[in-house]
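What follows is a set of notes on a single structure, which appears directly below.
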Amino acid sequence: MAEKYRAAEVERRWQAEWERSGLYKVADQSDRPKYYSLVMFPYPSGDLHIGHWYNFAIADSHARYKRMRGFQVLEPMGFDAFGLPAEEAAINRGIHPFRWTMDSIKRMEVQLKAIGAMYDWDREIATCLPEYYRWNQWLFLKFLEKDLAYRAQAPAVWCPHCQTTLANEQVVAGRCERCDTVVTRRLLEQWFFRITAYAEELLDVSGLDWPERVTTMQRNWIGKSYGVEFRLPVEKRPDVEISVFTTRVDTVFGMTYVVLAPEHPLVDELTVPAQREQVQQYQEQARRATEIERLSTERERTGVALGISAINPANGERVPVWIADYVLGSYGTGAIMAVPAHDQRDFEFAQNFGLEIREVIAPASLSASPPPTSEAAELRQAYVELGVLMRSGRFDGLDSDAAKIAIAEWFESLGVGERKINYRVRDWLISRQRYWGTPIPIIYCEEHGAVPVPEDQLPVLLPEDAEFRPTGQSPLTYNPAFVNTTCPRCGRPARRETDTMDTFVDSSWYMLRYCNPHIEDAPFDRAAVQYWMPVDQYIGGVEHATMHLLYARFFIKALRNMGLIDFGEPFKHLFNQGIILGPDGQKMSKSRGNVVNPDDYVQRVGGDAVRCYLMFIGPYDGGGPWNPQGISGIEGFLHRLWNLVLDGPDPNAPQTSGPADDRVLRLLHKTTQRVTDDMERFRFNTMLAALMELINALLPQRAKVSKQLWRDASERMVLLIAPSAPHMAEELWHRLGHTESVHLESWPGFDPSLVTDSQVTVVLQVNGKVRDKIEVAADLGQEQVQELALASAKVQAYLDHSPIRQVIYVPGRLVNIVTI
RNA sequence: GCCGAAGUGGCGGAAUGGCAGACGCGGCGGUCUCAAAAACCGUUGAGGGCAACCUCGUGCGGGUUCGAAUCCCGCCUUCGGCACCA
């Protein structure tokens, strides 16, 4: 019996040795092909939980596998260190965010090292350090130069709990993505990145190997729609026109009113004096409403008439102009033509206010019969499908698709409108009224307005002595030493911008920085980036589909157009790992008390066992509950592997190879093929199942196979498990007599001629039901196999002299004899 | 409401047109032990049968096929995304 495996001691020892020998230091050039393996970097919360392990440890196993396959692998680690949680923690505990963050990073470095990953710690980054965030500022200035950053007054999403504005992407169903508070809107001057300029390019995901649901989410988020934008003259106001956007210009003859968003710039101008008070009240009410209230489809449709009419350019009819909060100021032109018969929202609104509902589209199936003469009152809801036009002048009888084109062309020829594409995506609001972030490098001068901080004055340091409690104003506002400065243009007193940047700016380009994080005169090292980028495999949660992943793609495209890089996508392959739930099947949270701390398990059964167990739980994109009992299966497997290797061949085993050797050799090669295939396809659960099957089959053969083969089998198993259980594999490799690290070895290959069995089991069916099985030589011909099948007594019994109508033969698998 | 994914033993799951339940957990029985733990061996979908074996069985209902967990149609449930985007 071999000595017991002492995981904690072995793991500590090898981690120290790997660090000492610099085993995982990565050079920026190699004869080997490069492979950049990246996980979404963690927020320094101070506690590495089992979910981090699920993400990081498994990603590391895959990266180790790639390294053994001959790639030069870059696997960096760092911290997404700015952001609200540090401020919250700092406020709650009275510690400065900087200290809290740096302490958390220190703790997490220790915990991360317990994973046993190949991180090259020389490349570590922390985004809250000036050496990093100065490049956020530098990139901001570049974006400004290219008109990709701009300042505008807009009704920004406001989170009352976080006391800051948010980007649209950070609002989930009307609630703050971070703290789940119902958000409101505030009219503020804010900085934006012009991501909408890249809407079309971002829709192109060809060449990306990403989960389809992520690309679908991005496509839906960008929301491209084709339509017509046209202008309506306003009665008695030849100086004003109302622009509207519609995707259903085929229904334009059904327009019975026009709606402006409450915040539409023309509202004041167009409102008649008698309506002024009501209109202003409504505007105020709409401004105060939370997103939840505004977005609720259950809600009664409200609005106020301005007391003025516009002219429908299609038929010259007068239609009243209203404001209503179901029209958004931020989409299209902020105004719509309302066609209540063919739009459900307009329909409900028209019913509420007794406005005319005029049907102009007949369902296509009814087109043969005369147009229905039904009164509007009979309609229960809008008919929103396509159909055939009626009451539409010379367009009557056209189907919707043809009419969309015909009417668009007509409008274009009249000069009242043109075809237009609109996108749902909004520009990215990056201003945050919080302390713990990158200061936006802008100075406001009375004479010169918003002046960029000159490059040579970067970084604009975040002052350490600031009051950071959120008040709704940016904390930096209260720091005179920070705020008061001089204008870079004229030298007169000026004020600094006091908002900080959204932390998604930091994570939009960090993958470039990892390539050479020590470069001092540029955000990234062009040569190193040229070598390593794009990221070959990116692993992280799906929750970033329309935030980080979209922003990073935008950044890379913008940087490419600036000539700073020469590729257009940051992440070639993307994998979304699932979420590990608590043992109760619920999402882990401190308040539920179901958070699993990996440290206890690492101490007890070893990091290798935790890694393997997480891989074994199920498909990697599935996640699932942490079942503390299940880990014993992996423990047992690893112990049996340990014993198998250390016990060595049976003392009475044959010296020369016999028939058992042939079977075992085939099994070794077949398993190698399965493990290789599963590793490539991220199927870690079946990869480990294959190794378990192998060891289960191997153990009873110990006395039967030759000593040499037993040793070969041991070595092969150690190599196959090395990416998944790197510490034990290293220990076993050395115990087998090797002096170099197992992690410098190549992945074992397999001989295609050995992965198929010489004997195969053929299933014999009668009318699709299994009745017998026979063992035949794999290369036996169809006729012989069928003969053997018909010779089977069991088959004969079921055939019972019935005439055979058909025989299905699947080579090496089955024979199905059909009699009916 | 719209879009998407998924439903398989007590549990995690495997099998993507060809032996349903690989592998593991848990359970049951056994070996060892004074005993327990650990380790090891056997067994474990349901029903029937002394047994060899037989029948049923992958959310529900239909279909295609020699053959369906797998493909098609309809429904139910769960999860995820979007949700006034004109």
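Everything numeric here is computed off the predicted structure, so don't read it as measured data.
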Just by distance, no angles: are the side chains of [X] and [Y] close enough, under 3.5 Å, to form a donor-acceptor pair?
| X | Y | result |
| --- | --- | --- |
| A:Arg424 | A:Asn220 | no |
| A:Tyr423 | A:Thr196 | no |
| A:Ser225 | A:Asn422 | no |
| A:Asp346 | A:Tyr326 | yes |

Sub-6.0 Å ring centroid separation between A:Trp428 and A:Phe504: no
Can you confirm if the aromatic rings of A:Phe637 and A:Phe616 lie within a centre distance of less than 6.0 Å? no
Identify the pairs formed between an N or O of the protein and an N or O of nucleotides 6-12 of chain B at a distance under 3.5 Å, and give each distance.
{"unit_1": "B:G12", "atom_1": "O2'", "unit_2": "A:Ile617", "atom_2": "O", "d": "2.5"}

Classify the nucleic acid contact of [X] as base, sugar-phosphate or nothing, counting any heavy atom under 4.0 Å across all strands shown.
| X | answer |
| --- | --- |
| A:Glu212 | nothing |
| A:Thr216 | nothing |
| A:Lys769 | sugar-phosphate |
| A:Ser632 | sugar-phosphate |
| A:Asp346 | nothing |
| A:Arg219 | nothing |
| A:Ser330 | nothing |

Glycosidic torsion of B:G63 (syn if within 90° of 0, anti otherwise) classifies it as anti
Whether over 12 other heavy atoms sit under 6.0 Å from A:Lys224 NZ: yes
Rounded distance in Å between the [atom1] positions of [N] and [M]:
| N | M | atom1 | result |
| --- | --- | --- | --- |
| B:G10 | B:G1 | C1' | 38 Å |
| B:A52 | B:U43 | P | 14 Å |
| B:U55 | B:G49 | P | 16 Å |
| B:C40 | B:C56 | C1' | 36 Å |
| B:A35 | B:G48 | P | 37 Å |
| B:C3 | B:U70 | P | 23 Å |
| B:A69 | B:G17 | P | 13 Å |
| B:G57 | B:C72 | C1' | 23 Å |

Counting only side-chain heavy atoms from C-beta out, which of [options] sits nearest to [X]?
| X | options | result |
| --- | --- | --- |
| A:Asn685 | B:G24, B:A86, B:G13 | B:G13 |
| A:Val763 | B:C66, B:C19, B:G24 | B:C19 |
| A:Asn816 | B:G81, B:G24, B:G18 | B:G18 |
| A:Thr686 | B:A14, B:C84, B:A86 | B:A14 |
| A:Trp221 | B:G18, B:A86, B:C82 | B:C82 |
| A:Glu693 | B:C84, B:A22, B:A83 | B:A22 |

In terms of the angle between their ring planes, are [X] and [Y] parallel, tilted or perpendicular, with boundaries placed at 30° and 60°?
| X | Y | answer |
| --- | --- | --- |
| A:Phe684 | A:Tyr620 | perpendicular |
| A:Phe353 | A:Trp322 | tilted |
| A:Phe682 | A:Phe575 | parallel |

Note: for A:Gly332 and A:Gly622 on RNA chain B, the residue whose nearest nucleotide lies more 5' is A:Gly622
Starting at the 5' end of RNA chain B, which residue's closest nucleotide do you reach first, A:Thr247 or A:Val810? A:Val810
Per the side chain to side chain donor-acceptor pair (under 3.5 Å) rule, which among A:Thr251, A:Asp250, A:Thr246 passes with A:Arg248? A:Asp250
Phosphate-side-chain proximity, A:Tyr326 and B:A86, N/O vs OP1/OP2 below 4.0 Å: no
Has A:Arg683 got a side-chain N or O lying under 4.0 Å from the OP1 or OP2 atom of B:A15? yes
Checking ring-ring contact (aromatic ring centres under 6.0 Å, His included) against A:Tyr601, which of A:Trp626, A:Tyr613, A:Trp53 comes through? A:Trp626
Distance criterion of 3.5 Å, no angle test: do you see the side chain of A:Arg813 paired donor-to-acceptor with the base of B:C19? no
Do you know which two heavy atoms are closest between A:Val815 and A:Val807, and how far apart they sit? CG1-CG1, 3.8 Å
Least distance between heavy atoms, A:Met687 atom then A:Asp678 atom: N-OD2, 3.1 Å
Rounded distance (Å) that lies between atom P of B:A86 and atom CD of A:Glu348: 17 Å
Mind calculating the distance between CD1 (A:Ile222) and C1' (B:A83) to the nearest angstrom? 18 Å
Protein N or O to nucleotides 44-46 of chain B N or O, pairs below 3.5 Å:
none

Polar atom pairs between nucleotides 49-54 of chain B and protein, under 3.5 Å, N or O only, would you list them?
{"unit_1": "B:C54", "atom_1": "OP1", "unit_2": "A:Tyr798", "atom_2": "OH", "d": "3.0"}

